[in-house]
Amino acid sequence: MEIEMETEKTRGGESEESERRKLILLEKVKECLSQRQDQRREESPLVWAMEVVKCLKSLKMKMPSPDLAEILVSHLCFDNNNASIWKYAFSLDTAVDDACRDKIINSADAALQLSRTYEVRLSELGQLLVLFFFTVFVGLIDSTFDDMGLQIKSSDIQEGPFGTDNFQDMDMDSRGDYSVERNEHRELLRKKNTIMAMEVLAKLMESRKAVVLLRLVHFNMPVKFHGLLQRLWFSEANKLASSSMKPASQFFERFSANIRNVCDFEYQLNKGQLVWMLTDIRQPHKRLSYCNSESVQSACWAPFDIYLEHIMDGKHLLITSGVSMLTETIMLLQVFNRASWQETFLALWLSALRLVQREHDPLEGPIPHLESRLCILLTIVPLAIANIMDHEAKFCSSSLQGAAKSGFIEIDGHEYQVDGKGQTSRNNGLISSLQVLGQFSGLLCPPASVIGAANAAAVKAASFISNSKSARGGSVCGTHSDSYINAGGNLRHLIIEACIARKLIDTSVYYWPGYVSASVISFIDLPPPQKSPWVIFMEGTPFSNSLVNFLLATPAPSLAEIEKLYDIALNGSVEERSVAAKILCGASLSHGWNIQEHVLHYVVKLLSPPKPSTHTGQRSHLIDYMPMLSAILSGASSIDTVHVLSLHGLVGEVLFLFMVFTPRIPEVAASLMPLCEVFGSFMPTSSNISSKGDEPSIYMVFSSAFLFLLRLWKFYRPPIEQCLTGGGAIGGELTLEYLLLLRNGRIASQNYSAQDEINSNQVQHEYSSDKPEYVDFYPKLRAWYCQNKSCIASPLSGISTGNPVHEVANKILNMIYRKMTKSGSSSGNSSTVTSNSLCGSPPSTAEDPCQRPMLPAWDVLEAIPFVLEAILTACAHGRLSSRDLTTGLRDLIDFLPATLGTIVSYFAAEITRGIWKPVPMNGTDWPSPAAILSAVDSEIKEILAATGVDFPCGSSGQSPPMLPLPMAALVSLTITFKLNKSHEYIHAVVGPALENCSSGCPWPSIPIIGSLWAQKVRRWHHFIVVSCARSVLKRNKVAVAQLLRSCFSSFLGSLNDSTSLLTNQSSVSRLLGTTIAVPGVSPSLAPGFLYLRSCRTIEDIQYVNGVVIGLVTEYARELATRWTGMDSSRLKTSQASLSHAAAKAREVAILGASLLCLSGGMNLIQELYLETIPTWLLSSKKEKLGEVSAVSRILEGYAMAYMVVLSGSALWGIGPTPPAWALSRRARVVGAHMDFLVRVLEGNISLGCHPATWKAYVSCVVGLVVSFAPAWIQVVKLETLRKLASGLRGWHESELALSLLERGGVAAMGSVAELLNVVS
């Protein structure tokens, strides 16, 4: 208590002392004023100001003094005002103590209500200055409007800082009535005030410091700055309607132009520096000449080609949908390349066309083919463009419309010029790109399989023109036997139709010159129109064989046909359901590019048919849909269809949140799980355990659903391997839990956004896809899932006699043995398999040898690992022949095809453990590859050598070749499978698993397995050899480094060529190739193509970071060396020549960033930021060939900075509102990297690289982030930004320092204001 009383007493004393000082100061001010009024009228006000300052010092009061400011405001009128005294009342002194600063801020804030108006907490004098200035600036504009009699009444325009009260009736002198003279005087004052306000505004806009303050509001308070733009639009809208605006119209026009130039303001500080030339974004980029296909293969668009080819690897499903990622890539490259939308869209179309032409004659094999590539060109690309257009439409219809009308808009931190109607140039750019596309006839040549579709598209356009001319109206699409008319159709006709279908363009494009031949239009008039079979179907005609065959082979023309098929598949007769499902999965899915996303939607919905209201009983309603489900599973599980599903989306989210695409693969997984649970738990009978003809069986439906589900993630890989390679939610591999997490996350977001919406027409059917799904909801599936992970992670543990699993395993072994005995292939001692391996009891002889056990599928799968252990152990000990082992495995799959999943998992795990002895592949015990093994070895070596990889292939002198027993058993089993279309779902599981298992064995295993398969399927020979060549790179670091070097040299030119680096056009065609294979010719792969097909299997992916960094720095230094060594002094000293060298360095960086992003994704780029780049900067480097020039070191730093910023932008986005996962990762990684740069700048860490390289790297990283990714800056700590800016100013990079700080958010505005002294 005593302490508190003492404290209060002290505070009271301080308060009294403060009041005493203020009184003394007040008296001093009054004394100065009285002296001025008496004898010192001619004396300079500076003398009085100095006397006041002397008084302040004598009273030990600091400056700036809030007490003096309060006195001046309270006791001075305008007659006594002068600037000299005010200068000491307010000055932006950063050394002011906290109490004085807070008092100043609070005083100003209380008077102007800045915190309330701008919704910020003021903590710095600089912030106060910025907001005070902007408040006065907007207040002057509003006051001017008010004086002109203009009232801003629109609800879209924000209220001014001083409110909207009308002061016309205010009277400061209440002693008399108004007179005519007084009103006239008031009007004169009003006009004078208007003129003075405009003069003050004009004066302010002449100040560069004022422009900086406005830029701060523009960057960090866009909504408030938008209010200023709205006022300018208001003035433009009223300049003709209001007579009072006419005299001031010229002023407001100039003023509006000056405000718009705020965003383009240049500090013009230290402009002669080389680093500035590299990072300056205001230099207009050289426009590309689109006169031939080679010129548009500029490296700045290479990420399009690289990404599109990368996602064609069907062995890896995409984590993010192709539409989402392509949308992000389009926006990213358009910003980084500073390109027009015509250039951007044209580059995109050409990349997609090259993708199609690359597989004009595809290799035969179990991989995605032309269907998937055409899906990219005609569905994914148009959807991505529609995504971008949709974002524009939403923006233009939002509250920012006024800003768009004012002349420019800002999207995600970047300004885009717009026309007077508020529309950007995107739509015009798309139309122009499609017009120019017609010049590339070589790329537009359609593959043989789509010539008919291309001709049909051309005929449709000709019919439209013909009908318009004859005034008949409407189109005759699908008539005149379209596919048989040679209408000169090409891929551009299909692209145009895809764009029209998504309302990106309209049918006026049909009238473009040369789009349709005049001869085709005249031919259309001759034959009478024919009724399309799809029209017949829509009229209600029952299915017939001819009608069904046509509907299977021809895509549906619109969504209405698809909706009717869906309804029949659910509600038709049993036969009609199956037929409708087959038609849905036919050409409408594979070639219905204009409606493909809708077809996929209904196909996925059919996997979860609703429970009819009439259904009763305990049996699941899914059993009643078995024929339809069998047809859907068969049609949707083809290799191309699953890949198309993947392209359409694992994640239904776009980084810019333009449109929401329903995720396909997670929906498929959630739909397959109940099918597996129901059909796997159902006890089969003799009538439904096996298929007869086309009739589906319980086992077949379960197996189709189960194997389909397994294909959605790498079920055979151990959990530890998934962790090491970045599996799960962050890396490139998927798990079942993560698939469900994606799906449930989308359901939750949709439910949240629609929780208040009620559909009055809601159907009674309950869709399982509307609810969250978890593995725990399905006990049988969960039991198998846990058992599978356990078997992969560790060897099986024995089971006791009498266990139900033991009994089932015995029944399965008895079935296998009986078939061996019946076929006469038994080795005579196979009966010991069961007795010795499981329980010691002999097989039962009471059962019918031909009878198969009637067991639920889940019970069979649970016992399969123990069956496999028994027969594999028996074979290893000679109790079971290799032929009987293979026959037994094949009998298992014939009995229940779903057992293939467990067989693959078990053998993959046993191969990894390495405990089984190798067996001879001699043609007696096991199949022999000897006939073509040497030829396959040689072809593998040739393919690798063509890509610059020197790998010593060979069989290591083994004779006969050897394979581990599980590997020999697995490959011997797989070569017994049939190769018809109905077994494609089996090959889709076997192929990736077999490749994964073989790469885990010693090297000769890969050509041995490849040779065995090539002997079986001769038409797959080239595909198999290419697959073998890919597997070389999984563990061989030397081969990886050689291939990466070949990628750089093929794209940029060889370092050994003295001229190619600076003179050659960088070529995507050399990097990825123009074609994968030519019929009848051995495949010769381009380096980039081989790397993209191999990079996701490289085990030590972190090694790639170091190799790519080494190549980027090496090429950048060599570029600079050759530039400085040019013979021509004119070229050597010209800025154009240096710009060319810098452009080539950017190409190096673009290639490096593209390869890194696709090789290791987010984890690899995070390591690049946090470990690889810091290590590179801190490590000393020994130069090989003498002294390296300063320009070489600068270009080296620039190339590294560009690669770092571009790679981060590609993965985390450049906008301010990416998804939460990207935002948090971006903030953490970018912040940590900036902290590292600051620690080096402060001298806390010693550099190993050359100072010129370090300076170039830091300056260019900051410059590129400021230019292309300003949203990154706001996630960096303010203290880090200040220290980084301080370091840049120490390098005389003041403009860069200011640009960095002014984008640092509201908290950093004060720091910029404190640096205004550097702006002249």
Side-chain angles (χ1 to χ4, degrees), residues 284-309 322-323 325-358 373-374 376-389 391-392 416-417 423-446 490-500 502 504-506 508-509 512-515 1065-1069 1071-1072 1074 1143 1146-1147 1150 1154:
H285 279 242
K286 179 182 178 182
R287 297 300 182 193
L288 300 177
S289 173
Y290 296 114
C291 56
N292 57 71
S293 60
E294 186 67 24
S295 64
V296 294
Q297 297 185 34
S298 172
C300 63
W301 302 112
F304 279 151
D305 294 79
I306 295 173
Y307 171 71
L308 293 180
E309 189 59 61
V323 178
M325 288 304 299
L326 190 56
T327 302
E328 178 74 5
T329 304
I330 294 169
M331 297 293 289
L332 179 75
L333 294 183
Q334 196 270 340
V335 170
F336 267 76
N337 294 335
R338 291 288 175 182
S340 68
W341 284 108
Q342 176 189 350
E343 291 173 326
T344 304
F345 289 138
L346 181 58
L348 176 64
W349 289 122
L350 293 174
S351 296
L353 286 169
R354 284 192 290 267
L355 180 78
V356 172
Q357 298 298 337
R358 205 168 289 129
R373 293 177 181 264
L374 289 169
I376 295 284
L377 173 67
L378 302 175
T379 303
I380 301 301
V381 169
L383 284 175
I385 295 176
N387 208 8
I388 293 173
M389 298 298 183
H391 177 257
E392 178 191 17
Y416 297 92
Q417 296 297 323
Q423 299 293 324
T424 65
S425 58
R426 300 182 190 189
N427 190 65
N428 292 335
L430 174 61
I431 294 174
S432 300
S433 70
L434 292 172
Q435 290 174 327
V436 177
L437 194 61
Q439 301 177 15
F440 299 88
S441 56
L443 290 176
L444 294 174
C445 180
N490 57 34
L491 291 178
R492 187 169 76 134
H493 291 96
L494 295 176
I495 291 173
I496 292 292
E497 291 303 317
C499 292
I500 292 176
R502 291 169 177 85
L504 299 175
I505 55 178
D506 57 36
S508 63
V509 301
W512 286 351
Y515 183 73
Q1065 175 81 31
S1066 297
S1067 174
V1068 173
S1069 297
L1071 175 68
L1072 300 177
T1074 55
R1146 277 197 302 273
E1147 294 176 2
I1150 288 171
S1154 300

Novice: Do the non-hydrogen side-chain atoms of Leu491 and Leu378 ever get within less than 4.5 Å of each other?
Specialist: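 In short, these two side chains do not touch, never coming nearer than 4.5 Å.
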Novice: Distance from Phe440 atom CZ to Arg354 atom CZ, nearest 0.5 Å?
Specialist: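 If I round to the nearest 0.5 Å, the distance is 9.0 Å.
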Novice: How close do Pro382 and Leu504 get, counting heavy atoms only, and between which atoms?
Specialist: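 Heavy atoms of Pro382 and Leu504 come nearest at O-CD1, 3.7 Å.
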Novice: Out of Val436, Leu444, Leu430, which one pairs with Trp349 under the side-chain contact (heavy atoms from CB on, under 4.5 Å) rule?
Specialist: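 Answer to the side-chain contact (heavy atoms from CB on, under 4.5 Å) test with Trp349 among Val436, Leu444, Leu430: Leu430.
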Novice: Applying side-chain hydrogen bond (donor to acceptor under 3.5 Å, both in side chains), can you list everything that pairs with Arg373, at least two apart in sequence or on another chain?
Specialist: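 Arg373 satisfies side-chain hydrogen bond (donor to acceptor under 3.5 Å, both in side chains) with Glu309, Glu359 once adjacent residues are dropped.
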Novice: Got Trp301 and Leu350 here, is their nearest side-chain heavy-atom distance under 4.5 Å?
Specialist: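 Side-chain contact under 4.5 Å: no.
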Novice: Quick check: closest heavy atoms across Gln357 and Cys445, and the distance to 0.1 Å?
Specialist: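 Closest pair (atom of Gln357, atom of Cys445, distance): NE2-O, 2.7 Å.
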Novice: Would you say Asn337's side chain and Leu333's backbone share a donor-acceptor pair under 3.5 angstrom?
Specialist: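 Side chain of Asn337 to backbone of Leu333: a pair is present.
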Novice: Which pair of non-hydrogen atoms, one from Gly429 and one from Phe345, has the smallest distance, and what is that distance?
Specialist: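 Where Gly429 meets Phe345 most closely, the heavy atoms are C-CD1, 3.9 Å.
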Novice: Taking atom CD of Glu497 and atom CZ of Arg492, what is their separation to the nearest 0.5 Å?
Specialist: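 Atom-to-atom, Glu497:CD and Arg492:CZ are 12.0 Å apart.
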Novice: Which atom pair, heavy atoms only, marks the closest approach of Cys499 to Leu434?
Specialist: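 Here Cys499 and Leu434 meet closest at SG-CD1, 4.3 Å.
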Novice: Considering non-hydrogen atoms only, spot the tightest contact between Leu443 and Leu353 and give its length.
Specialist: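 For Leu443 versus Leu353, the nearest heavy atoms are O-CD2, 3.7 Å.
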Novice: Any side-chain to backbone donor/acceptor pair from Arg426 onto Trp341? Under 3.5 Å, distance only.
Specialist: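 The answer is no, because no donor-acceptor pair under 3.5 Å joins these two groups.
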Novice: As a quick check of understanding, evaluate side chain to side chain contact (heavy atoms under 4.5 Å, CB included) for Ile431 and Trp512, giving each step before the final call.
Specialist: CA-CA 11 Å; Ile431 294 174; Trp512 286 351; 3.7 Å; yes
Novice: For Ser508, give me all partners under side-chain hydrogen bond (donor to acceptor under 3.5 Å, both in side chains), at least two apart in sequence or on another chain.
Specialist: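 Only Asp506 meet the side-chain hydrogen bond (donor to acceptor under 3.5 Å, both in side chains) criterion with Ser508.
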Novice: What residues, two or more places apart in sequence or in another chain, satisfy ring pair (Phe, Tyr, Trp, His ring centres under 6.0 Å) together with Tyr515?
Specialist: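 By the ring pair (Phe, Tyr, Trp, His ring centres under 6.0 Å) rule, Tyr515 matches His493.
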Novice: What's the shortest heavy-atom distance between Pro303 and Cys300, and which atoms?
Specialist: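 Looking at all heavy atoms of both residues, the shortest contact is CD-O, 3.8 Å.
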Novice: Nearest 0.5 angstrom please: Asp305 CG to Leu348 CG, how far?
Specialist: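 That separation rounds to 9.5 Å.
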Novice: State which residues pass side-chain hydrogen bond (donor to acceptor under 3.5 Å, both in side chains) with Ser1154; sequence neighbours excluded, sorted by chain then number.
Specialist: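 Expected list: none.
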Novice: After noting the C-alpha distance and the side-chain angles of Leu1072 and Leu355, does the key distance pass the side chain to side chain contact (heavy atoms under 4.5 Å, CB included) rule?
Specialist: CA-CA 9 Å; Leu1072 300 177; Leu355 180 78; over 6 Å; no
Novice: Spell out, as yes or no, whether a donor-acceptor pair under 3.5 Å connects the side chain of Arg338 to the backbone of Gln334.
Specialist: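 Side chain of Arg338 to backbone of Gln334, a donor-acceptor pair under 3.5 Å: no, none is there.
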Novice: Out of Leu377, Thr379, Leu383, Ile385, which residue meets the side-chain contact (heavy atoms from CB on, under 4.5 Å) rule with Val381?
Specialist: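 Filter result, single survivor: Ile385.
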Novice: If the test is side-chain contact (heavy atoms from CB on, under 4.5 Å), which one of Leu308, Ile388, Asn387 qualifies with Leu326?
Specialist: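 The option that passes is Leu308.
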Novice: Show your reasoning for whether side chain to side chain contact (heavy atoms under 4.5 Å, CB included) applies to Ile330 and Phe304.
Specialist: CA-CA 8 Å; Ile330 294 169; Phe304 279 151; 3.9 Å; yes
Novice: Could you measure the distance from the CD1 atom of Ile495 to the OG atom of Ser433? Nearest 0.5 Å is fine.
Specialist: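 Spacing of CD1 (Ile495) from OG (Ser433) equals 9.0 Å.
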